[in-house]
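These notes are about the structure you will find just below.
Numbers restart at 1 for each chain; the letters A, B, ... are given by sequence-line order, proteins then strands.
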Amino acid sequence: MTLAPERSAISPTAPHVTQAQHVAAEQHRLNTRLSLEGGAERTHPPKKSGRPNPMGHLTNEQIEAIGRELDAIRAEVMASRGARDAAYIRRVIRVQRGLEIGSRAVLLFSKNKYAWLAGTAGLSLAKILENMEIGHNVLHGQWDWMRDPKIHSTSWDWDMASPAKQWQHSHNELHHTYTNVLGRDNDLGYGLLRVDEDQPWELFHLGQPIWHLINAMFFEYGIAAYDLELRGNLQNWDELSEEEKAVFKANLHEMLGKIRKQAMKDYVLHPLVSGPSFLPTLLANFTANTVRNIWSNTVIICGHFPDGIDTFETDSIEGETRGEWYLRQMLGSGNISGSKFTHIMTGNLSHQIEHHLFPDMPSNRYSEISPRIKALMERNDLHYVTGPVLKQAYQVYRKVCRLALPNEEPGRSRWSVVRGELGKVVKGKGGARTKRHLPSTADA
Amino acid sequence: MTAGLAEGVWKLASAIATPVLPDDYLDMFAPLRAGAELRGRITAIHRETADAATIVITPGRSWAGHVPGQYVRIGIDVNGVRQWRAYSLTSLAGAPDGTIAITPKAIPDGVVSNHLVHNARPGTLVMLDQAIGDFTLPTPTPDKILFITGGSGITPVMGMLRNLPSAGADIVLLHSAPRAEDVVFAAELAERDRSGQIDLRVRHTDTDGMLDLADLDREVPDWRERQAWVCGPTGLLDAAELHWAANDLTDALHVERFRPTIIEPGEGGEITLLGSKLTIDADGATPILDAAEDAGVLMKSGCRMGICFGCVVTMRQGAVRDLRTGEITTAEPGDELPIQTCINAVAGSCDLEV
Ligand SMILES: Cc1cc2nc3c(=O)[nH]c(=O)nc-3n(C[C@H](O)[C@H](O)[C@H](O)COP(=O)(O)OP(=O)(O)OC[C@H]3O[C@@H](n4cnc5c(N)ncnc54)[C@H](O)[C@@H]3O)c2cc1C
Ligand code: FES
C-alpha cells in the first residue's frame with residue numbers, strides 16, 4: 001500500500017524537541033513506515049562490533065512480501081475482534097478487582113500468619129495482573145476499539161509509580177518505534193545496563209551484575225526514573241533550554257504526586273485501617289510490590305535481551321519501510337514459552353514478538369497468531385527466539401555479567417582495558433564517565 | 001456529622017482505591033445505584049412487528065424523568081463495540097415500576113436497531129443519557145392537534161398519547177406505513193381510535209402511495225387551525241416544512257428528525273479543528289496529522305505509524321478513513337469518538353477537538 005510519495009524519515013516528538021522545531025521539521029514529510037514499498041536498495045555493512053547486519057540476507061522484494069503477509073494477518077485478526085474479546089478483558093478486570101479487594105480485606109487480619117500468606121499471595125497476583133495483562137495492554141490502546149471510555153488508552157491509569165502518560169511516551173512512542181536501535185531505544189539496558197556488544201562500555205557498567213538486581217527489586221521506580229530520563233537530564237542539566245527544564249520539572253512534579261499517592265495507599269492508609277495488623281499489612285504490601293517488580297522485570301528483560309536477539313545501527317533505519325520495521329520487531333524481540341497461566345501472568349508479553357509486530361492487537365489474540373508468525377520467520381531464515389522464563393532470564397543475567405567488562409580489543413584482554421580506564425580515573429584524566437567506544441573489528 | 005463522616009470514609013476509600021475510584025469497585029455490584037454514571041438494565045423485550053420491538057429499561061437511580069415526546073441516547077455494546085443512538089421514549093412518564101421504554105425498528109444494515117430488535121436480551125446493561133428534546137406538547141395541551149407520522153416516526157407520538165387523558169383534545173393522527181403488518185402499535189392505536197381519544201387514519205403506502213400534503217385540505221379540512229407534530233422519513237419532514245411555510249404557519253409546525261445529519265463518507269474533504277476554529281482542505285491520501293501540521297497546527301504525535309496511540313484526538317462528527325485498511329469511522333453529532341490522526345484521512349468532513 002503506497003499512501004504517498006516517498007519522503008524522508010522523521011523523528012517523533014521527543015521531549016527535547018520543541019513543538020515549533022518539531023512542526024517545522026515535519027512539514028512536507030510523511031512517515032516512510034506507513035508504506036511497504038519504496039525502500040532504498042540497501043547495503044548491509046557489519047556493525048561496529050563486527051557482527052553481521054541481521055537482515056542482510058533478504059532482498060527488498062522479500063521484505064515487501066513479508067510486510068504484505070503481516071499486514072494481512074493483522075487485518076484478519078483486527079476485523080474479527082468482537083464480543084468474545086470484550087468479554088475477555090472485562091472478565092480479567094473483574095477478577096483482578098475482586099482479587100485485589102479480597103486480598104486487602106484478608107490483610108486486615110494479617111497478624112494471623114495464614115491471613116498474611118493468603119493476602120500477600122493474592123495481592124501480588126492482583127498487582128501483576130493489573131500491571132501486565134490489564135495496564136500495559138490498555139495503555140497500548142489494545143482495547144480502544146471497544147469505545148468504552150473507562151477501558152481506554154487515553155483515560156486509564158495504573159498501579160505504578162510512573163504516570164500513564166509519561167510511560168506511554170517513553171514506551172509506546174519511543175521504544176516501540178525504535179525497538180533495539182542502538183542510541184535510539186533507551187530500553188536497551190534502560191540507560192543502566194550494557195546488554196549488547198555494540199553498546200559503548202563505561203566504568204559504571206562494572207557494577208551491573210548488582211545494578212541489575214537492585215533495578216529488578218525496585219523496578220517501578222526504575223521505570224519512573226527512566227520515563228523522566230532522569231540520569232540524562234541531570235547529567236546535561238546545564239545544556240537544557242529553559243523550556244526543556246520546565247517540561248522536566250512538570251513531569252517530575254506529576255510523578256512525585258503519583259508516587260506519594262501510591263505510597264500513601266500501600267504504606268500508610270491500608271496498614272492504618274488494619275489497626276493491630278499495621279506492620280504485617282505494611283510488610284505484605286511491600287512484599288506484593290516487590291514480587292510484582294521482580295516478576296515484571298524478569299518478563300521484560302526476557303523480551304529483548306536473551307541470546308539470539310539482534311540490535312540495529314542508528315543509521316540503518318533511515319527511510320525504513322513498514323516491512324523493514326516489521327523485520328526489526330521480529331529480530332529484536334524474544335518470546336517466553338509456557339502454560340496459558342504463564343502467558344496471562346506475563347500480560348502476554350511472553351508473545352513479545354507478536355506484540356512488537358502488532359502492539360495494538362488485543363493481547364488475548366497473540367497466542368492464536370504465533371504459529372503463523374513462527375512459520376513465516378522460519379520460512380525466511382529468521383530466528384524465532386523463545387524459551388522457558390528461567391532459561392531466558394538466566395541467559396540475560398549471564399550476558400549482564402559478561403558485558404560488565406568491555407569488549408576485547410586487538411592485542412588487549414578485557415581486564416587490561418578495565419585497568420587502563422581505572423588508571424585514568426586515579427590519575428584524574430578522563431573520569432569514570434568516559435565512554436569506551438567500540439573498536440571496530442573491521443578496522444583492526 | 002454523619003455527612004462529614006460519610007465524606008471522610010469516601011475520601012479514605014478513594015485514597016486506598018487509587019489509581020482507580022471506589023466507584024469502579026461499586027460498579028461491579030451496584031451499577032444502577034444513585035451517584036453512578038447513568039446506566040439502565042433491559043428488563044423486558046416485547047415484539048411489536050416483524051422488525052420492531054419495545055425495549056423496557058430500568059434506569060439507574062440518577063434518572064431524572066422525561067417529558068412525553070422526548071428521546072434518550074443509549075449506548076449499547078454491539079459485538080464488543082459501544083454504539084450510541086437516540087430513541088424516542090414510548091413509555092408512560094413516571095411509570096409506577098420506574099421503567100422507561102423505547103421502540104426501535106430494525107433498518108437494513110442497521111447496527112444498533114437490528115441488535116436491539118433481534119439479539120438483545122433482558123439483563124443487559126446499557127449506558128444512558130438523560131432524556132432531551134423539544135418535540136413535546138405545551139401545557140396546557142392545545143385544543144386541536146394534528147399528528148402526521150411515518151414508519152417508526154410513530155414512536156414519540158405514541159409516547160405522548162399514552163400520557164394524555166383518554167378524552168379532551170381533538171386529535172387527528174395521519175399515520176403511514178408500507179403495509180398493514182408494518183404498523184407498529186397497530187392494535188393499541190385502533191383501540192385509542194375506538195375509545196375516541198384520537199381520530200386515526202392509517203395509510204398503507206405500498207398500495208395507497210405516499211401521503212401528498214396537498215391533500216391535507218380534503219383529509220383534514222381544519223388543519224390550519226391545528227398545532228401539528230410531524231415525525232417520519234426525511235422526505236415527509238422536508239415536505240411538511242415547505243407546506244407549512246407556504247401557508248405562513250411555520251409556528252404551528254413541530255418536527256422530529258431521526259436523521260438530523262446524513263454523513264456520507266467521501267474522498268478527502270474538510271477538517272475542522274474546533275479549538276483553533278480552523279478549517280483545512282485535505283485529500284484522501286494524507287493523514288489528518290500531516291494535513292494539520294502542514295497548515296501550521298501543533299498536533300500531538302508519536303510513532304506516526306499507528307502503533308503508539310500518542311496522536312489520539314476526539315472526533316465530534318464526520319467521517320475518517322483508516323489508510324491501512326480502508327475502514328471508515330463515522331461520528332454523529334453528540335458522539336465523542338477518539339481517533340488516531342496519523343493513520344486516518346478525512347472522508348468527507350470531520351470536526352476534531354484540537
Ligand atoms: C431524536 C431521535 C429519535 C429517534 N427515535 C427513534 C425511534 O424511536 N425508533 C427508531 O427505530 N429509531 C429512532 N431514531 C433513529 C435511531 O437513532 C437510529 O438512527 C436508527 O435506529 C438506525 O441505527 P442503526 O445503528 O440501526 O443504523 P446504522 O448502522 O447507524 O445505519 C445503517 C444504515 O442506515 C442509514 N440510517 C441511519 N439512521 C437512519 C434512519 N434514522 N433512518 C433511515 N436510515 C438510517 C445509515 O446511513 C446507514 O446507511 C431516532 C433518532 C433520533 C435522532
Ligand atoms: S502517532 Fe503513534 S499512533 Fe498515531
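Chosen from B:Cys308, B:Gly75, B:Ala17, the residue pairing most often with chain A at heavy-atom distances under 4.5 Å is B:Cys308. Contact tally against chain B (heavy-atom pairs below 4.5 Å) for A:Arg147, A:Gln168, A:Met78: the top residue is A:Arg147. Between chain B and the options A:His270, A:Arg97, A:Lys261, the largest number of non-hydrogen pairs under 4.5 Å is found for A:Arg97.
A side-chain N or O of A:Thr179 and one of A:Gln329 form a donor-acceptor pair less than 3.5 Å apart. For A:Asp159 and A:Gln262, the side-chain atoms include at least one donor-acceptor pair closer than 3.5 Å. No side-chain donor-acceptor contact under 3.5 Å links A:Arg33 and A:Thr177.
At least one side-chain heavy atom of A:Asp266 sits less than 4.5 Å from a side-chain heavy atom of A:Arg104. A:Arg292 is not listed as a side-chain neighbour of A:Leu123, based on a closest heavy-atom distance of 4.5 Å or more. Using a 4.5 Å heavy-atom cutoff, the side chains of A:Lys265 and B:Pro19 are in contact. Using a 4.5 Å cut-off on side-chain heavy atoms (C-beta onward), B:Phe258 and B:Ile107 make no contact. Between B:Leu116 and B:Tyr87, some side-chain heavy-atom pair lies under the 4.5 Å cut-off. With contacts defined as side-chain heavy-atom distances shorter than 4.5 Å, the pair B:Leu32/B:Arg41 qualifies.
For B:Leu337, the part lying near chain A is the side chain, with the backbone staying farther off; criterion is any non-hydrogen pair under 4.5 Å. With a 4.5 Å cut-off on non-hydrogen atoms, A:Arg84 does not touch chain B at all. Residue B:Val78 does not touch chain A at all, counting heavy-atom pairs closer than 4.5 Å. Proximity to chain A is absent for every atom of B:Asp283, based on heavy atoms less than 4.5 angstrom apart. Of the atoms belonging to B:Met305, heavy atoms from both backbone and side chain fall under 4.5 Å from chain A. Of the two parts of B:Asp27, only the side chain, counted from C-beta on, holds a non-hydrogen atom closer than 4.5 Å to a non-hydrogen atom of chain A. With a 4.5 angstrom heavy-atom cutoff, A:Lys150 touches chain B only via side-chain atoms. Contacts between A:Trp143 and chain B at a heavy-atom distance below 4.5 Å are absent for every atom of the residue. Looking at A:Val268, neither its backbone nor its side chain comes within 4.5 Å of chain B, counting heavy atoms on both sides. Using a 4.5 Å cut-off between heavy atoms, A:Trp158 touches chain B through its backbone atoms (N, CA, C, O) alone. With a 4.5 angstrom heavy-atom cutoff, B:Glu336 does not touch chain A via any of its atoms. Within the 4.5 angstrom heavy-atom criterion, no atom of A:Asp85 approaches chain B. Contacts between A:Ala86 and chain B at a heavy-atom distance below 4.5 Å involve the side chain alone, from C-beta outward. Proximity to chain B is limited to the side chain of A:Asp144, based on heavy atoms less than 4.5 angstrom apart.
With respect to the salt-bridge test (charged N to carboxylate O, under 4.0 angstrom), the residues B:Arg304 and B:Glu293 qualify. A salt bridge is defined here as a Lys NZ or Arg NE, NH1 or NH2 lying under 4.0 Å from an Asp or Glu carboxylate O, and A:Lys165 with A:Asp227 fails to meet this definition. Ionic pairing of B:Asp77 and A:Arg90 is present here: one or more N-O contacts between side-chain nitrogen and carboxylate oxygen are shorter than 4.0 angstrom.
Close approach to chain A, defined as a heavy atom under 4.5 Å from one of its heavy atoms, is seen in B:Pro338, B:Cys342, B:Ile343 of residues 338-354 of chain B, taken by number.
For A:His176, the ring-ring contact (aromatic ring centres under 6.0 Å, His included) test picks out A:His140, A:His171, A:His355, A:His356, with sequence neighbours left out.
Here the closest non-hydrogen pair linking B:Leu12 and A:Leu269 is CD1-CD2, 3.8 Å.
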